[in-house]
2 protein chains.
Amino acid sequence: MSELRQPAPAPANDRETAATRDDKLELRLWLRLLTCSSLIEQNVRTALRERFDTTLPRFDLLAQLDRAPDGLTMSELSARMMVSNGNITGLTDRLVEEGLVKRTPSARDRRSSHVSLTPAGKKAFDAMTPEHEGWIDAMMAGLSRQDMQQLFLLLGKLKQSVHQNAVEPNKGEKV
Amino acid sequence: MSELRQPAPAPANDRETAATRDDKLELRLWLRLLTCSSLIEQNVRTALRERFDTTLPRFDLLAQLDRAPDGLTMSELSARMMVSNGNITGLTDRLVEEGLVKRTPSARDRRSSHVSLTPAGKKAFDAMTPEHEGWIDAMMAGLSRQDMQQLFLLLGKLKQSVHQNAVEPNKGEKV
DNA sequence: GAAATTTATTTTAGACTTAAAACAATATTC
DNA sequence: GAATATTGTTTTAAGTCTAAAATAAATTTC
């Protein structure tokens, strides 16, 4: 690493920094996780706009399709991107409009359609993805290999824990 | 812990699961981080709606104010919540409408105003926060104390790394 | 096999979010 | 101290997002 460092990282005054010693570890952990996630997301969002004049949800949808050569149904997209079905409808509409993805009616289920990249969509995605990867790498440059592996592992545990212990929907009367 | 476990956590089919061994560790780490963050966020969002008929951004704003007895300016709220100024304007308007927060014009800067909790806002927040804490605790119940501390530490490193190595805005011509 | 249920998607209404422009007030520069 | 730049907030236009209702096509049940 031979680049010059930034003069001094501005002391962030975020949600997490506002947490106090009084707060429970669980809460502080959640606030820090959210801060990291928001920070990275914001950076990617800005970079996508400035470099490719596009948005994160659009890039994200293209990325899902790039991993699925046979295309994905609306519901599959919804599950992978963890957003509502209706959201996917609008997003897909816009990308179809831009000519980057196409809808193909499903052969065996007339309710359903498969969304896939058009050649233009594939080309656009391929142009973006190396830079995107570079941004992510850069943001994680301060972590050692071991840090990353450890973090990956712990987040895996967290993910499992959330799945197992998530709040039961509709448990308890509304206040 | 004496409660019964859920039968079997449905095998999630999310963004992160779709990543392959081919992907770089940095990218997989980011996807897993985003998945965890989205999962927790989604749970809190649903719980807030079902239990208190409110939304996460509103709760979040109240939480910021609860930590700041003298109130916060719009800009401070924007920084802490990591959202745009305009966003805070709208959110505050809605919460003022609901009678949960109030705006007080700043004495020394006529551009600025301090936002703070009304008694009703404080009461509403105090009613929500113990349950909120319970949800977070529950979701993290699968992690040991040491896991949490380790995760907290590593996320601290990540946060610092992102701050130091974030993509320079407007570096490189638009494609 | 008709009726009831489930599943896939879209529509709707409204909230949240952003970036950029506009405004207004303060601070800085000469 | 007038001109310029900066800062704090709101407005605007458009996109993203949600939950719930509506549609329509499968699937299951009887």
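First the proteins, then the strands, lettered A, B, ... as listed; each starts at 1.
Residues Thr46(B) and Gln42(B) have side chains that bring a donor and an acceptor to within less than 3.5 angstrom of each other. The closest side-chain donor-acceptor pair between Thr17(A) and Asn13(A), if any, does not fall under 3.5 angstrom.
The structure places CG of Leu154(A) at 12.0 Å from CD of Gln149(A), a figure rounded to the nearest 0.5 Å. The distance from atom CZ of Arg15(A) to atom CE of Met81(B), rounded to the nearest 0.5 Å, is 6.5 Å.
Across all strands, Ser75(A) comes closer than 4.0 Å only to sugar-phosphate atoms, never to a base (heavy-atom distances). Backbone-only contact: Ser113(B) has heavy atoms under 4.0 Å from sugar-phosphate atoms and none from a base. Across all strands, Ser106(B) comes closer than 4.0 Å to no nucleic acid atom at all (heavy-atom distances). The residue Thr55(B) sits close only to the backbone: its heavy atoms come under 4.0 Å of sugar-phosphate atoms, none of a base.
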Sugar-phosphate or base contact per nucleotide [nucleotides 17-25 of chain D; S, B, -; heavy atom under 4.0 Å]: SBSS---BB
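A close approach under 4.0 Å does not occur between any side-chain nitrogen or oxygen of Thr89(B) and OP1 or OP2 of dT11(D). Listed pair Ser112(B) / dG8(D) fails the phosphate criterion, with no side-chain N or O lying under 4.0 Å from OP1 or OP2.
With a cutoff of under 4.0 Å to any heavy atom of chain A, the contacted region of DNA chain C is bounded 5' to 3' by dT7(C) to dA20(C).
Between the side chain of Thr35(B) and the main chain of Leu31(B), a donor-acceptor pair closer than 3.5 Å is present.
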Worked check of salt bridge (charged side-chain N to carboxylate O under 4.0 Å, His left out) between Arg45(B) and Glu50(B): CA-CA 9 Å; Arg45(B) 191 186 301 283; Glu50(B) 293 187 346; over 6 Å; no
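Under the 4.5 Å side-chain heavy-atom criterion for grouping Ile, Leu, Val, Met, Phe, Trp and Tyr, Leu153(B) is not connected to Leu153(A) through any hydrophobic cluster.
Residue Thr92(B) is tested with Arg103(B), Glu97(B), Arg58(B) for a side-chain contact (heavy atoms from CB on, under 4.5 Å); the sole match is Arg103(B).
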